[in-house]
Amino acid sequence: MSEKSKLQKMNITKFQHDLVSWYEIEKRDLPWRRERDPYKIWVSEIMLQQTRVDTVIPFFNRFMDQFPTIDSLASADEESVLKAWEGLGYYSRIRNLQSAVKEVAENYDGIVPADKKEFLSLKGVGPYTGGAVLSIAYGLPEPAVDGNVMRVISRLLSIWDDIAKPSSRKIFEYTVGELMYKEDPSSFNQALMELGAIICTPTSPSCLLCPVQNHCMAFEEGVQRELPVKTKKKSDKKVSIGAVVLSTNDGRVLIEKRPQSGLLANLWQFPNVEMPSAMNPRHVLESLIEKEYGIKAKINMDKVTNITHAFSHLTWEIDVYTGVLESNITKERTKLVEKEEVESFAFSVSHQKIWKHVKGLDQ
DNA sequence: AATTCGGGGTT
DNA sequence: AACCCAGAATT
C-alpha cells in the first residue's frame, strides 16, 4: 500500500490534536524551549545533531553565557569557540556554525534568514536542521525529519523502507508534510521528536502510554517492535597508537594542533604516531616520534597506561608514555606550554584522559 | 550511495 | 558489545 493511500485512511485532524495536546502537557522543560531567539534555536539544533538532550543541556547553557548573540559568536576567536565545544564531538559542527553565523552577520544584517533556500545554503544546515529552525523559530510548516521522526512515522504508517538509506528520508518528509499541523508547526515537529524520545523508543516502545496509539498501523498489526527497518553498519577498525607526554628540563610540555581537516580537526593533542602493530618495543616508538616530529627525545621505559577510545567508525588503542625532550622543536603547529596552561587548550577526550593520567603521576 | 565525522547513554 | 542519538559534508 502506498504512503498516500495510508494517509487517506487516517483522521489527520484528530491525529494532530491527540499528538500536540499530549505534547503541550508532557513536554520537557528544556533551556532552548524557553527561547524565541532564532540564533539560540539554531545553536541548540546544531548541538543536538546525533547528541542526546541530557548531554547538550550544560553545553548549551555555557555556550549561551559565552556567546549570547550572533555578533558575539561571529567575532569570537576560533580557539575559544573550539574550547567551548570541547567534549561535545563532531567538531566540524562548530567550525561550520561559526562560519555560517559570520555570513549571517555580514550578508543578512545579523538576522537568521527565514527563507528556506537561504537558510539551507548556510554551512552545517541540512534538511533536518533547516526544517527544525524554520518551524520552531519562525513557525513555518517545514518537516524536520530526524532519527526519532523516522522511527515514529515508520511505525505510525507501517513503513518498511530501510531508514539507513539516504533515499528513504524523502518518504518521511512527504508524510510529515501531509500530516503537518499548520496552526503550530513548531509544536507539531517537536511533538513528533518528543514522542520518539519518550514513548516511541527504539527497542521497547511504551504503546500503552502513547497518545496516538489509536492512529498507529504498526500497533494495530502488532509489529511495532520490528520497526523501523535499519540495516546495521559494519564494525569498526582498530588502530594502535603510541603517544608520549614530553617535558623539557624546565618543566614545559609539548603539545600539537591537529590538521585543519579530518578527524578531530584543529584540536590539540600530545605527540603520537600510529604503530605498525600492538606490542612494539619502546625504542620503536622513540624512533617513530623522533622521525615524525624531527626531535630528540628520551622516552621512559615503563608504559604509563593504555587507553581505549572508540569513535563511530574506528577504535584507538593508545599506549601512553612519558619522556624528556632533549632538542629544540621546529615542527609546525606545535607548542611548548606550562603544565598549568595545558587545560586551557581544547583537547579530544582521549587526550584529556592522557593528560589527566600523566598529571596525576606528579602528585 | 557510501563513508567520514565524537562521545556517551541504553540495553 | 551493539545500538542509538533533534545529521551534514565529503567522496
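Naming convention: chains lettered A, B, ... in sequence-line order (proteins, then strands); numbering from 1 in each chain. Note: hydrogens, waters and symmetry copies are ignored here, and every other heavy atom, side chains too, is used.
For the segment residues 183-195 of chain A, no residue has any heavy atom less than 4.0 angstrom from an atom of DNA chain B. Contacts with DNA chain B (heavy atom under 4.0 Å) in residues 155-179 of chain A: A:S167, listed by number. Listed by residue number, A:R28, A:L30, A:W32, A:R33, A:E45, A:L48 are the residues of residues 25-48 of chain A with a heavy-atom contact under 4.0 Å to DNA chain C.
Each of A:V125 and A:G196 has a nearest nucleotide on DNA chain C; the 5'-most of these lies closest to A:G196. Comparing A:P202 and A:Q50, the nucleotide of DNA chain C nearest to each residue sits closer to the 5' end for A:P202.
Across A:F59, A:F60, A:F67, a single residue satisfies ring pair (Phe, Tyr, Trp, His ring centres under 6.0 Å) together with A:F63, and that is A:F67.
Residue A:R151 has its side chain nearest to C:dC4 when only B:dT11, C:dC4, B:dG7 are considered. When each of C:dA6, C:dG7, C:dC4 is scored by its nearest atom to the side-chain atoms of A:N148, the top-ranked nucleotide is C:dA6. Picking from B:dG8, C:dA6, B:dG6 the nucleotide with the shortest atom distance to the side chain of A:Y128 gives C:dA6. With distances taken from any side-chain atom of A:R52 to the nucleotides B:dG9, B:dG7, B:dT4, the minimum falls on B:dG9. Closest contact between the side chain of A:F311 and the listed nucleotides C:dA8, C:dA6, B:dG7 involves B:dG7. Comparing C:dA6, B:dG8, C:dA8 against the side chain of A:D146 picks out C:dA6 as the nearest. Of the candidate nucleotides B:dC5, B:dG7, C:dA8, B:dG7 has the atom lying nearest to any side-chain atom of A:S348.
Donor-acceptor pairing under 3.5 Å, judged by distance alone, is absent between the side chain of A:T55 and the base of B:dG8. Side-chain atoms of A:T51 come within donor-acceptor range of the base of B:dG6, with a qualifying N/O pair under 3.5 Å.
Put simply, the side chain of A:K296 never gets that close to the backbone of A:E326: no donor and acceptor are under 3.5 Å apart. One N or O on the side chain of A:K6 and one on the backbone of A:L157 form a donor-acceptor pair closer than 3.5 Å. Put simply, the side chain of A:Q213 gets close to the backbone of A:C207: a donor and an acceptor are under 3.5 Å apart.
Side-chain contact of A:T129 with A:Q49: a donor-acceptor pair under 3.5 Å is present, judged by distance alone. In the model, A:E256 has a side-chain atom that pairs as donor or acceptor with a side-chain atom of A:Y293 under 3.5 Å. Remark: the A:W42 side chain and the A:S44 side chain contain no N/O donor-acceptor pair separated by less than 3.5 Å. When only modelled atom types and interatomic distance are considered, A:Q269 and A:S348 share no side-chain donor-acceptor pair under 3.5 Å. A donor and an acceptor atom, one from each side chain of A:R93 and A:T51, are located under 3.5 Å apart.
A:F311 has its ring centre less than 6.0 Å from the ring centre of A:H309.
C:dC5 and B:dG6 are spaced 12 Å apart, taking the C1' atom of each and rounding to whole Å. The same atom, P, is picked in C:dA6 and in B:dT3; the two are 24 Å apart, to the nearest Å.
Using a 4.0 Å heavy-atom distance criterion, A:S204 is classed as making no nucleic acid contact.
Heavy atoms from other residues, nucleotides or ligands lying under 6.0 Å from CD of A:E341 number more than 12.
The aromatic rings of A:F270 and A:H351 sit parallel to each other, their planes meeting at less than 30°, with 60° as the upper class boundary.
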